[in-house]
Amino acid sequence: MAKPRKPKPEDPKPAHSGAVVRHQKLCLSIDTNLRRIYGYTELEIEVPDIGIVGLHAENLGIESVLVDGEPTDFEYYPRSQSSDIEKRWASAVSSPSSAADVAAAAYITALDTELIPNLLINCCNKMQIEQMNTEPNGVQSSAEVNQNVKSVRVNYWVEKMETGIHFEDNVVHTDNQIRRARCWFPCIDDNNQRCCFDLEFTVAHNLVAVSNGSLLYQVLSKYDPPCKTYVYRLDVPVTAQWISLAVGPFEILPDQHNGLISHMCLPPNLPKLRHTVEFFHNAFSEYEQYLDAKFPFGSYNQVFLSPEMAISSSTVGASLCILTSQVLFDEKVIDQTIDTCIKLAFALSRQWFGVYITPEAPNDEWLLDGLAGFLTDLFIKKFLGNNEARYRRYKANCAVCKADDSGATALSSSFACKDLYGTHSIGLLGKIRSWKSVAILQMLEKQMGPDFFKKILQAIICRAQSTTCPVRSLSTKEFRHFANKIGNLERPFLKEFFPRWVGFYGCPVLRMGFSYNKRKNIIELAVLRECTATIDSSVSVLNANPDSENRDGDIGWPGVMTVRVYELDGMSDHPDLPMAGDAWQLLEIACHSKLAARRYQKPKKGSKPDGSDDNGDLPTVDMRSSVDSPLLWIRADPEMEYLAEIHFNQPVQMWINQLEKDEDVVAQAQAITALESLPELSFSVLKALNNFLNDSKAFWRVRIEAALALASTSSEETDMAGLQHLVKFYKSRRFDTDIGLPKPNDFSDFPEYFVLEAIPHAVATIRAADRKSPREAVEFILQLLKYNDNNENPYSDVFWLAALVQSVGELEFGQQRIDRLLQFDRLMPSYNGILTISCIRTLAQIALKLSGFIHLDHVFELIKPFRDSKTIWHVRIEASRALLDLEHHCNGINAALLLFIKYIEEEPSLRGQVKLGVHAMRLCQIQGGSISSEDIKATTLVALLHLLESRIAFNNVFLRHYLFCILQVLAGRSPTLYGVPKEKLPCMGNVEICNEQKNNFGAPVNEIRPPQPQPQPPMGNPSHSNHSHDNLAIPEASKEVDTVSNSHDRKTAVVNIRVKQSATSSKAEEADNGTAERSEGGERSEGRRNHDADRGATSSVSVDAPQRNSAEAVSISNQNIEEVNSFHDHGSRITASIGSAKIASEGDNFGKELQCTADSGNASVHHQPDDPSSPSIIQDNYIDAEAKKYASLQTLSISRDDDPPFQEKEKEKKKKSKKKKDKEKKRKGEEHKGERNDPEYLEKKRLKKEKKHKEKEMARILGEVKAASGELKSKKEETTSLTQMGGNKQEADNMNSSEPPKVVITKLETRTEPTQPTSAPKFRIKIKSKPLSKS
């Protein structure tokens, strides 16, 4: 039995910053007339030791920030778009391949930037800093530990309602895109941060504000005009992503069966809403009954908005779901019913798994998504029927097997989830991953039994609702433990199951055939096992997995597969097919039925060799495949216990037996697929398909497959028998035999309605020998369209007519009739514009087929008016897609993409932009392969890149992802972030590399450090602190264009070096060395200079800025300076110089100059945006050890003693320490012997090796630094003025240099030790590389 895991704390402390939000309050006033949102948010935060809290905020105007009621300093770095994208990329983009590289770099840079907080708040006041300094050894007092929780209030307003929250007339709503909650309230927008919320929204008195949690009360104000405040409380900790809001003049429909449920919509849709949600209480109670728990939130609200407003058909929030009114239907609509029920049921299941129970890590998101889908399948099975559930699962499994061939579909592995930033849930790959998750959980349910699986889900919910120590996160490891402890699955099986199915990719492909041995009465079954993924990649990935026991290259799967044999005497299961081991296997399965022995009879005279007589009666049809076999049919994996692609080879008669006698819908669908793919068709096959089509007791979806199979088998060889069967079937149901015309519509029999609706489409796909539609098929479809009569039918025929119109699109006639329908539907719009959409789609298909015979300009003019902004979004998007198809057909992919960019800029709805992005990607995929530079121009590629980094793409996360995918597909690559090599990404032009941002928190951070023997300078006057981002001191990286950090003309990269001596200097020296500050590329404002002087922070001298008087020396501080070093790629060319700095040594107070050079050819390192306002530039503001997420830090300690005896002693010490380390390694090797299969241990080991490699590379550079330090001794007699001149000369040389980027040492700080005047000072080097653009 597995050892039970200790319960986790409710909200584990994040590893990246140390700040934890305990509670958040959000108070907003919403003015729909002025389209304005303003208010404040108040957060109860556990402040980290550094005293700085980082929040995410975007599109917000920060008015002020208060900590415990007192104003405080803050810095805000809003995202801004670079205006010179075309200029930067004009030379870099010459082909689709280079454009794809640039797109990957830009996309990853943007995603990395979004992870970094861009609102930094100083939570340390002066009193706390003084208490810190008075404590001995810098130990915090118990009082301060108790005061570590701060109340942070941010007063703000929303500047741009472009994303996150939207206005549409008098309706306001949120969209819950990935990392877009920050666009309407400041928060820590991270999946690891969960807290409870208090929500207050003040709106006009005639509007309703719907949000998360329970509505506590409403307050009606007496102001003019009157306002109403809605107060909600959410007692369940959730992430900021799940906070939602909808404001509008909603009609509220309480659920008649459950008081916790409320449905809301705009007034015109109330009748549809009432009919749509009649079933919903059944799903609600079914989930509560299955999980044996009450709904975790105090209430559940569903809000239905117009489709133009939403970015997707459903937006899930905590206890709230915002959907489009497009899913609503009245009692006349049939086709929309099933899809709407499933969509609402899935949104409800996400409340349980996804919002209430959250994934512990990104690698565990598959589990919550799969559990929500599993609950939805339970609803489908109970309320829509077992046939519907099994058929949907079978089709989903088939789709997964076709697409699960790369690491992008691996569910829980660092290969698939670590570097995808949440984009793995977008698009087709997101659906494949979701379907695969559900299939794997259903496989586990089959292994352990449904009752045990139910107990696991109940245990997960039970511990989450525990009153003592609730655990509301779930990991794959925990679920594996539950499967062993509660599900009674053996640990060896689980040890193989989860790595193979969850950790990696690829599904089994089984090719099977059999032979019946009459003498032994056994079945000899031959099986070849393959994989949907490539063998080499699967083997390499498997062998890299420490949990996997497959070390011999086997790519098998755990467990055995069942083979079900149907014989004359009944059915029997044989779980004898192992899924691991040899790829080729031969099984012997015993048969239970025996054939009666037949006596040999001599043939009669005149009889045939087979014993039959011309005058005798015909023998009865035997259901067996032959008279020598007792087998009826054979099935592999009949219960779908495996996610596998099975190709079974058995005689035609056995497939017919399976179709006619097996009642399982999956078996019937498999039989139809096998019969349809036969190379030669007999009339018995056509008869079997026709009989199944006419069987009203069969499941209607499988009957539709039989109709399509009859259409595909119809050919000249079969005398168009399939066409005749389809027409005969339809006329027997829908035609009047007396007059030979269609009857008026009668849709009372829903299954029959769906089958008959599919017949015209099946008939339209039939082709004659000349690849044209047969005359009978054309006349049949046009007759149905002409004589359609729905006057006496209580149900709508909009979907029926749409199917007929789309069938005409498969033919080559009927354009005039479609024009008339199109104009009619414009006057009397159909349900959701379904008929207009079908007409537009059909016209485009006809135009593409007959482009050589008709003028496409006429089709353009006919479709173009439907792109008007006043038309409903679905019709507008369909018209845009049709015009893109025509443009692609006439002028190629380049013209189509230019038109696509134009449509994206004109499209107002986010959902419409996504649809156009998907369609443009499909056009690129149709083009196929890598597109040459001749097919698409560089200007078009640059325009796509500009759109990728534009505000439009930032506002629409899904569109941005599809733009990236388009550029990848154009280069012949896979449309996913998976597999993009980050180390090979191109340098992003003028984008700053590891930009270090100075901020106003330098003084508080340095003063928080443990106190030194010398007293610290006092903190600046609080009256000079900035409380608004408008008058906040401008950071260095936010200077004018002529400064170093933002210069586009310089090619000099900056290196900051701080020099410390081993002891403090005398007071006289300290008095001599007054504080001063030099800018890195231009003079700062006087206010900033005074502010920094008051802070007493470490000063900096820039050798590439105009030098001040030599009397202004560099400040020498006695405090321990934080060692922050920006990442530097090993091997790059570095030129470092120290100038205009006083190094106190034995009788010398003059400045020295140090210069060192190391050659390299690699200048591509970590990319950061050039824009100083980008959130990425704040990444070095966290100075504590936990801030490694925001910068790559390295510390160099350089000894300046070149004495040979000293070096020999050092070498001896190193040898001794090395031997000691070797002994420690051997001892630890024995200790870690059992951990070598632990993935965490292997990851640590790999990181350790990389660290050693970097240390070796830096040691090589340090050797040259030591050699150059000799120059410093030889120049001890030089004056400070000479050093200053040298610094100016260095600046002039760098300004005119065309060499690769150089690194300039700009910061210097020294200390002397009176008792050891000859000791060498130590250098602490901070390297900061900034490649700038060409002049």
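Just the heavy atoms: all of them, side chains too, but no hydrogens, waters or symmetry mates, feed the values below. Along the sequence shown, residues are numbered consecutively beginning with 1.
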Lys/Arg N to Asp/Glu carboxylate O, Lys786 vs Glu779, below 4.0 Å: no
Lys743 bridged to Asp736 by N-O distance under 4.0 Å: no
Whether Tyr753 and Trp800 hold their rings parallel, tilted or perpendicular, with breakpoints at 30° and 60°: parallel
Asp746 and Arg734 ion-paired at < 4.0 Å: no
Option among Lys431, Lys436, Arg433, Arg350 that satisfies the salt bridge (charged side-chain N to carboxylate O under 4.0 Å, His left out) test with Asp369: Arg350
Parallel, tilted or perpendicular: rings of Trp700 and Phe754 (30°, 60°): parallel
Phe648: ring pair (Phe, Tyr, Trp, His ring centres under 6.0 Å) partners, not counting sequence neighbours: none
Between His263 and Phe280, ring centroids under 6.0 Å: yes
N-O pairing of Arg392 and Glu388 below 4.0 Å: yes
Polar side-chain atom of Thr324 near backbone of Pro307 as donor-acceptor pair, under 3.5 Å: no
With sequence neighbours excluded, residues passing ring pair (Phe, Tyr, Trp, His ring centres under 6.0 Å) with Tyr795: Phe750
Ionic contact status for Asp377 with Arg393, cut-off 4.0 Å: no
Pair Thr765-Glu810, side-chain donor/acceptor within less than 3.5 Å: no
Parallel, tilted or perpendicular: rings of His275 and Phe329 (30°, 60°): perpendicular
Whether over 12 other heavy atoms sit under 6.0 Å from Arg922 CZ: no
